[in-house]
Amino acid sequence: MYAIQAQDVSKTYKNGVRALDHVSLNVRKGEIFSLLGQNGAGKSTLIRILTTYLKPDLGLVQILGKNLSMKAARIRPKIACVGQQTSIDTYLSLEENMMFQSRLYRIPKTQAKLRMEKLIQDFGLQSYRKYPVSSYSGGIKRRLDIALNMMSAPEILFLDEPTVGMDIQSRMAMWDMLKKIRNDFGTTIFLTTHYLEEADILSNTVCIMKDGKEVTQGTPEELRSFIRQDALRILFPTKAEAEKQMVFLQSVFPASQMTVRNTDIMMNTEDVRSDLERTAGFLLEAHIPFYGIQIVQPTLEDVFLRLTKKKEMGEEK
Ligand code: ADP
C-alpha cells in the first residue's frame with residue numbers, strides 16, 4: 001500500500017522556471033523516503049505540491065489513496081510538514097506549544113495531555129518542556145518542532161531538509177528521532193536532503209532528482225549496486241596533479257569511468273583487483289608521483305555523479 005503516488009507531476013513557475021518536469025514516484029506506507037538532489041533540483045517545489053500548498057500544472061497525485069486535487073481538505077489533517085522555518089512559537093514553552101497545537105486539531109484535553117507526555121518521554125525531551133523554545137539551540141528547536149508536529153498523529157510527516165546546517169551530534173540525534181517515528185509510531189516520513197550520507201543511513205527508499213526530473217529511485221543498496229561494487233581511489237598530492245594524471249590514465253584504461261574528487265582520482269572498474277595491479281604497475285613504471293591506491297565502496301555521491309553524468313551524456317539509466 002502506498003502513502004504517496006505521484007505520476008508525471010510538472011510545475012512551471014510564473015517566471016518560466018520549470019521546477020518539475022514529469023516527476024513520478026511511489027512512497028510506501030511506513031517507510032522513510034528521501035528525495036535527494038542539489039540546490040534547485042525541485043525538491044521543495046515537490047514537497048509544496050504534496051503538502052497541498054502549491055498546485056501542479058500537470059500530473060496525478062494520490063495521498064493515502066485520495067486524489068490530491070479533489071480531496072485536499074480531507075488529506076490535510078492526516079499529514080504534517082516541518083519546513084526549514086520552524087512553525088513552533090519560540091516565545092512559548094514546548095508544553096504550551098503542544099497544547100496549543102492540540103486545540104488547533106481539536107484533540108480533547110485529556111487525550112492531548114497523554115499524547116504530549118508520550119512524545120516528550122519517547123523523544124527524551126523532558127529537559128526542554130518548560131522554558132521558552134527560543135532559549136535552545138537550532139538543532140534542539142528543530143527536534144521540538146518535529147515533536148510538536150507529531151501531536152496531530154500524522155500518517156505522513158514531510159520534512160524539508162531537516163538537518164541542514166546542523167553539526168554532526170545534532171544530525172545524529174535527529175536521525176535517531178526520525179527512525180523512532182518510523183519504527184515506533186509507524187509514520188511514513190518523506191524528507192528532502194542534499195546530504196548523501198543522510199539518505200544512505202536513514203532511508204528505505206531514495207529518489208535522486210536533478211533539474212526537475214527524477215534520475216533514479218531505489219533502496220540505498222540498489223543504488224550502490226547500480227554502479228558496480230567497488231571503485232579504485234588513486235591519491236595524489238594536489239588536485240592539479242590528479243587532473244593531469246587522469247588524462248594519462250584514461251588513455252590506458254579507456255573503458256573506465258574516472259572523475260577527480262578533491263586530490264584523488266576515482267575510477268570505476270569492471271575487475272577491481274586486476275585493474276589495481278595494472279594501475280599500480282603503470283604509475284610506478286611511468287614514475288608518476290602518487291600517494292597510494294585504495295579499493296573503496298561507492299558512496300551515494302558516486303551514484304549521483306555517475307547517474308547524472310549518464311543522463312547528461314544521453315545514455316540510458
Ligand atoms: P530545491 O528545493 O531542490 O533547492 P526548488 O524546488 O526550491 O529546488 O527550486 C527549483 C527551481 O525552481 C529553482 O530553479 C528555483 O530557482 C525555482 N523556484 C523555486 N521557487 C520559485 C518561485 N516561487 N518562483 C519562481 N521560481 C522558483
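Quick caveat: nothing in here was measured; it's all calculated off a predicted structure. Remember, it's 1-based here, ligands and their atoms both numbered in the order they're listed. Throughout, numbering of the chain's residues begins at 1 and tracks the sequence.
- The closest side-chain donor-acceptor pair between Thr193 and Glu198 falls under 3.5 angstrom.
- Under the 4.0 angstrom criterion for non-hydrogen atoms, Gly40 is in contact with ligand 1.
- Which parts of ligand 1 touch Ala41 is read off a 4.0 Å heavy-atom cut-off, strictly below it: atoms 1 (P), 3 (O), 8 (O).
- Neither the backbone nor the side chain of Met209 has any atom closer than 4.0 Å to an atom of ligand 1 (non-hydrogen atoms only).
- With salt bridges taken as basic N to acidic carboxylate O contacts below 4.0 Å, none links Asp145 and Arg142.
- Atom NZ of Lys141 has more than 12 neighbouring heavy atoms from other residues, nucleotides or ligands inside a 6.0 Å radius.
- Ligand 1 is approached by Gln38 to a heavy-atom distance shorter than 4.0 Å.
- Remark: aromatic rings of Phe185 and Phe123 are close, center separation under 6.0 Å.
- The pair Lys130-Glu95 meets the salt-bridge criterion, since a charged nitrogen lies less than 4.0 angstrom from a carboxylate oxygen.
- Here's the thing with Ala19: none of its N/O atoms is less than 3.5 angstrom from an N/O atom of ligand 1.
- Looking at atom 18 (N) of ligand 1, its nearest protein heavy atom turns out to be Tyr13 CE1, 3.4 Å.
- Among all protein heavy atoms, the one lying closest to atom 7 (O) of ligand 1 is Ser44 CB, 3.7 Å.
- From the protein, the heavy atom lying nearest to atom 14 (O) of ligand 1 is Val17 CG1, 3.5 Å.
- Scanning both residues, Asp160 and Ser44, for their nearest heavy atoms gives OD2-OG, 3.2 Å.
- Residue contacts with ligand 1, taken as heavy atom pairs separated by less than 4.0 Å, involve Thr45 via backbone and side-chain atoms alike.
- Taking hydrophobic clusters as Ile, Leu, Val, Met, Phe, Trp and Tyr residues chained together by side-chain heavy-atom distances below 4.5 Å, Tyr195 does not share a cluster with Ile208.
- A salt bridge links Arg278 and Asp275; the closest N-O separation between the charged side-chain nitrogens and carboxylate oxygens is under 4.0 Å.
- Counting protein heavy atoms only, atom 8 (O) of ligand 1 is closest to Gly42 N, 3.1 Å.
- Within the 4.0 Å cut-off (strictly below), a protein heavy atom is located near atom 22 (C) of ligand 1.
- Those atoms of ligand 1 that come under 4.0 Å of a heavy atom in Asn39, given as number and element, are 4 (O).
- Near Asn15, meaning under 4.0 Å from any of its heavy atoms, are these atoms of ligand 1: 25 (C), 26 (N).
- When distances from atom 16 (O) of ligand 1 to the protein are checked, no heavy atom turns up under 4.0 Å.
- For Tyr291 and Phe236, the ring centers sit 6.0 Å or farther from each other.
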